Amino acid sequence: MMTRRRSSAFPKVVIERDTDSEESSSSDDEGEDGPEPETSEEEEEEEEKEQEGGEGLPERGSGVGKEETLVDVKKKGKAPITISLKKVCKVCKKPGHEAGFKGATYIDCPMKPCFLCKMPGHTTMACPHRVASEHGVAPAPHRNTQNPVEYVFERQLIPRTRQCKPAYVIPNQVSCAVIRYHSRRVTCLEFHPRNNNLLLSGDKKGQLGVWDFDKVSEKVVYGTIHSCILNNMRFNPTNDGMIYSSSSDGTISYTDLETGISSSLMNLNPDGWQGPSSWRMLYGMDVNAERGLVLVADTAGLLYLVDTRSNNETGRAVLIHKKGSKVVGLHCNPVQPDLLLSCGNDHFARIWDMRKLEAGGSLYNLTHKRVVNSAYFSPISGTKILTTAQDNRLRIWDSIFGDMDSPSREIVHSHDFNRHLTPFRAEWDPKDSSETLAVVGRYISENFNGTALHPIDFIDTGTGQLVAEVMDPNITTISPVNKLHPRDDVLASGSSRSLFIWRPKEKSDFVEKKEERKILVCGKAEKKKPGKNVGNESEDDSDCDGFNSKGKRSKFSKKELICKSKRKVKH
DNA sequence: ACACAATGCAGCC
DNA sequence: TGGCTGCCCTTGTG
């Protein structure tokens, strides 16, 4: 049975009066078929329907779920109006086709460019980049403009380094725990640097959750640290009982995790709300341990430095991105404390020398086609860069000492949804010594046995291949926030209001990178409805370890795990 | 079952 | 430049 995800509103009825003037809307009618008037089979069908319907106007809320348009067929003179009904595409408003969910599969509007790679001429379903078993995530064609050194590096050095470094491993099977206590969407996650089971989570309301995911009863939520979106958290490198957090309320808070007592290190809106034009928010934040600095950046393009010893702002704010544009992220190089990476709404990621911070003084400007959601140095050597941009591409620069003019690879990946959800950010696996594995949530859904699911993807940034995808048939929401544990084999995901902890079922249950990608499906679908939202998380967390929405212990049943099965998705 | 809002950005004038 | 509109797979609430 085909179930629409959501049937459309009342049928939109457009009645065009018969006039002598040329109406542009009537030429929209047939698209390529030129100026009307042959009546297609479809139209005839619809006409019959209309006659049955008596008045010709569909009843309000008739539940048909199709948008229909009454199109008058023009005739010369004052001939009676002939009316035909047509299906109209919700996306482009043109007749002849429909876009939307058919069961758990989304049908693209053929008039629009591919939803995934943004190129015209094909739909998402036919996109060569489509995340499907036959294709995988294809890397963009590598430019053939390598210089000889780079060529030698690629051909000789990289294979050798791979021999001495173990390839990353991925779990063979996973289990999942769910916890709900955020009342707004999750915006950031951070693992404790020493305590392996401690996870911090921030939400859109500014609440900070501290929880032990082995003993889920031990959780604390601090609700008064910030008044709106908690965008970033960092542990104090010299005292891991304290965290810095930046928020859209324009403040940096310095919070004791035991007591929840916090002090404000900075406030960009000391006079309170004076309207949206003057309100400033802090998005990017990082800590530079060597220099004893907290770095934050605001929605006006400015970078601020706070001395961690005095807890006071130091120096002057520096314009690091286009004036008036939001700086989305900051990352200090893990090896070279003088290097800073920033990214912003001006479509750039920029590399800075901390010793020469001044407007326009960046070392490199990495161009993107859209807003850059995140930019990270690789976690161990700090020589690679991974960015996530809203043009549905992950970009990798293989070496900051090499050619920085254009990325070494672009990987098409669906993550371009920017409102209503926390922006997607691809992150490195901090445990992967080869610095190739990255994790990122996926926006576009995949029809998994009749359920539209949004997996979390593990991508080999060296090849662009999708090596594993994690999903649970009972988790139908999108998980834009993902964090891999710095030491353990744990993935934490943040969705709308829930947190998920994914772990390999068995400690030793790992496989090295293989040609075929792993599909890690956790649990079985609760066969409720064959539509998209099978097993809505809001009502169905009973099958998961953890808590239900009231914070009580829910039924503790081990999930049954399916995996390594070849995917059976019908499109 | 459906309407609606919260919400960020791009493109237009 | 700034204000306005529109937007293709959201998600929870009323």
Side-chain angles (χ1 to χ4, degrees), chain A residues 3-12 60-65 67 89-94 97-118 120 123-125 127 130-131 180 182-187 203-205 228-229 231 248 275-277 281 283 299 322-326 328 344-347 368-373 389-392 414-424 441-448 451-455 475-481 494-498 529 531-533 535-540 549 571:
Chain A
T3 313
R4 258 162 210 279
R5 198 179 128 270
R6 180 192 290 181
S7 57
S8 60
F10 299 127
K12 206 178 265 177
R60 297 196 109 208
S62 58
V64 181
E67 294 194 11
C89 174
K90 274 186 289 187
V91 176
C92 70
K93 313 283 188 280
K94 289 184 181 173
H97 64 274
E98 284 179 289
F101 272 102
K102 282 262 189 288
T105 305
Y106 189 88
I107 308 298
D108 263 18
C109 169
M111 308 301 281
K112 295 275 182 171
C114 172
F115 185 50
L116 177 57
C117 74
K118 312 297 178 196
T123 62
T124 307
M125 214 56 77
C127 177
R130 169 121 181 124
V131 178
R180 291 189 80 219
H182 281 284
S183 60
R184 291 290 182 272
R185 68 171 199 237
V186 175
T187 52
D203 72 18
K204 195 173 138 328
K205 215 174 166 184
C228 60
I229 314 179
N231 288 310
S248 291
S277 56
M281 305 179 246
Y283 274 81
T299 40
K322 187 180 162 188
K323 191 182 175 191
S325 76
K326 178 163 78 178
V328 184
N345 268 24
D346 61 355
H347 302 191
H368 294 70
K369 291 207 177 68
R370 292 277 304 274
V371 170
V372 190
N373 287 349
Q390 285 181 17
D391 62 352
N392 266 352
S414 171
H415 54 251
D416 65 332
F417 204 66
N418 59 322
R419 52 178 181 165
H420 310 133
L421 295 180
T422 307
F424 290 86
R442 196 194 305 170
Y443 167 43
I444 202 166
S445 65
E446 195 81 20
N447 184 340
F448 177 78
T451 311
L453 297 179
H454 308 267
I475 299 170
T476 54
T477 50
I478 295 171
S479 301
V481 188
S495 175
S496 48
R497 293 186 179 183
S498 303
K529 282 177 226 156
K532 180 172 181 265
N533 291 320
N536 189 324
E537 59 144 318
S538 63
E539 56 186 60
D540 185 32
S549 53
H571 288 301

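Just the heavy atoms: all of them, side chains too, but no hydrogens, waters or symmetry mates, feed the values below. Proteins get letters first, then strands, A, B, ... in listed order; numbering begins at 1 in each. This structure is a prediction, so every number in the text was calculated from the model and none was measured.
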Query raised in the report: Just wondering, do F101(A) and dC9(C) stack (centres under 5.5 Å, planes under 30°)?
Result: no

Query raised in the report: Quick one: does V328(A)'s side chain get under 4.5 Å of V372(A)'s, heavy atoms only?
Result: no

Query - Side chain of Y283(A) (C-beta onward), nearest among dG8(B), dC9(B), dC9(C) - result: dG8(B)

Query raised in the report: Any idea which of dC8(C), dT11(C), dC9(C) is nearest the T477(A) side chain?
Result: dT11(C)

Query raised in the report: What is the distance from NZ of K204(A) to P of dA5(B), rounded to the nearest Å?
Result: 15 Å

Tabulate atom names and distances for all N/O pairs under 3.5 angstrom spanning the protein and nucleotides 3-5 of chain C.
none

Query raised in the report: Below 4.5 Å, heavy atoms only, C-beta onward: do D416(A) and K118(A) meet side chain to side chain?
Result: yes

Query raised in the report: Would you say K94(A) and C109(A) make side-chain contact, with heavy atoms under 4.5 Å?
Result: no

Report task. Between dC9(B), dA6(B), dC9(C), spot the one nearest the side chain of Q390(A), thanks. Result -> dC9(B)

Requested in this report: Determine yes or no for a side-chain-to-main-chain donor-acceptor pair under 3.5 angstrom, with H415(A) supplying the side chain and P423(A) the backbone.
Outcome: no

Query - Same-atom distance (C1') from dC8(C) to dC13(B), integer angstrom - result: 25 Å

Requested in this report: Using the P atoms only, state how far dG14(C) lies from dT7(B), rounded to an integer number of Å.
Outcome: 16 Å

Query raised in the report: Got a donor-acceptor contact below 3.5 angstrom from the S445(A) side chain to the A452(A) backbone?
Result: no

Query - dA10(B) phosphate, OP1 or OP2, under 4.0 Å from H347(A) side-chain N/O - result: yes

Query raised in the report: What integer distance in Å separates K118(A):NZ from dC9(C):P?
Result: 10 Å

Requested in this report: Can you figure out which of dT7(B), dA10(B), dC8(C) approaches the side chain of R419(A) most closely?
Outcome: dT7(B)

**Report entry** Under 3.5 Å donor-acceptor, H454(A) side chain and Y443(A) backbone
**Finding:** yes

**Report entry** Check: P455(A) and F448(A) side chains under 4.5 Å, non-hydrogen atoms
**Finding:** no

Requested in this report: Establish, from distance only, whether the side-chain atoms of S248(A) and N231(A) form a donor-acceptor pair under 3.5 Å.
Outcome: yes

So which protein nitrogen or oxygen atoms get under 3.5 Å of nucleotides 11-13 of chain B's nitrogens or oxygens?
none

Query - N418(A) CG - dG8(B) P separation (whole Å) - result: 9 Å

Report task. Decide yes or no for R185(A) and R497(A): does some side-chain heavy atom of the first lie under 4.5 Å from some side-chain heavy atom of the second? Result -> no

Query raised in the report: Whole Å only: how far is the NZ atom of K322(A) from the P atom of dA10(B)?
Result: 10 Å

**Report entry** Atom pair distance, as rounded to whole Å: CD in E98(A) and P in dC8(C)
**Finding:** 16 Å

Report summary line: Testing dC8(C), dA6(B), dA10(B) for proximity to the side chain of H420(A), the answer is dA6(B)

Requested in this report: Looking at every strand, decide which applies to P113(A) at a 4.0 Å heavy-atom threshold: base, sugar-phosphate, or nothing.
Outcome: base

Query - Atom-pair distance (CZ on F417(A); P on dT11(C)), nearest Å - result: 8 Å

Query raised in the report: In whole angstrom, what separates K369(A)'s NZ from dA10(B)'s P?
Result: 14 Å

**Report entry** Phosphate-side-chain proximity, K326(A) and dC9(B), N/O vs OP1/OP2 below 4.0 Å
**Finding:** yes

Requested in this report: Write down the distance between CZ (R185(A)) and C1' (dT7(B)), rounded to a whole number of angstrom.
Outcome: 8 Å

Query raised in the report: Does a side-chain heavy-atom distance below 4.5 Å link I229(A) with Y283(A)?
Result: yes

Report task. Among the candidates dC9(C), dA10(B), dC9(B), find the nucleotide nearest to the side-chain atoms of N345(A). Result -> dC9(B)

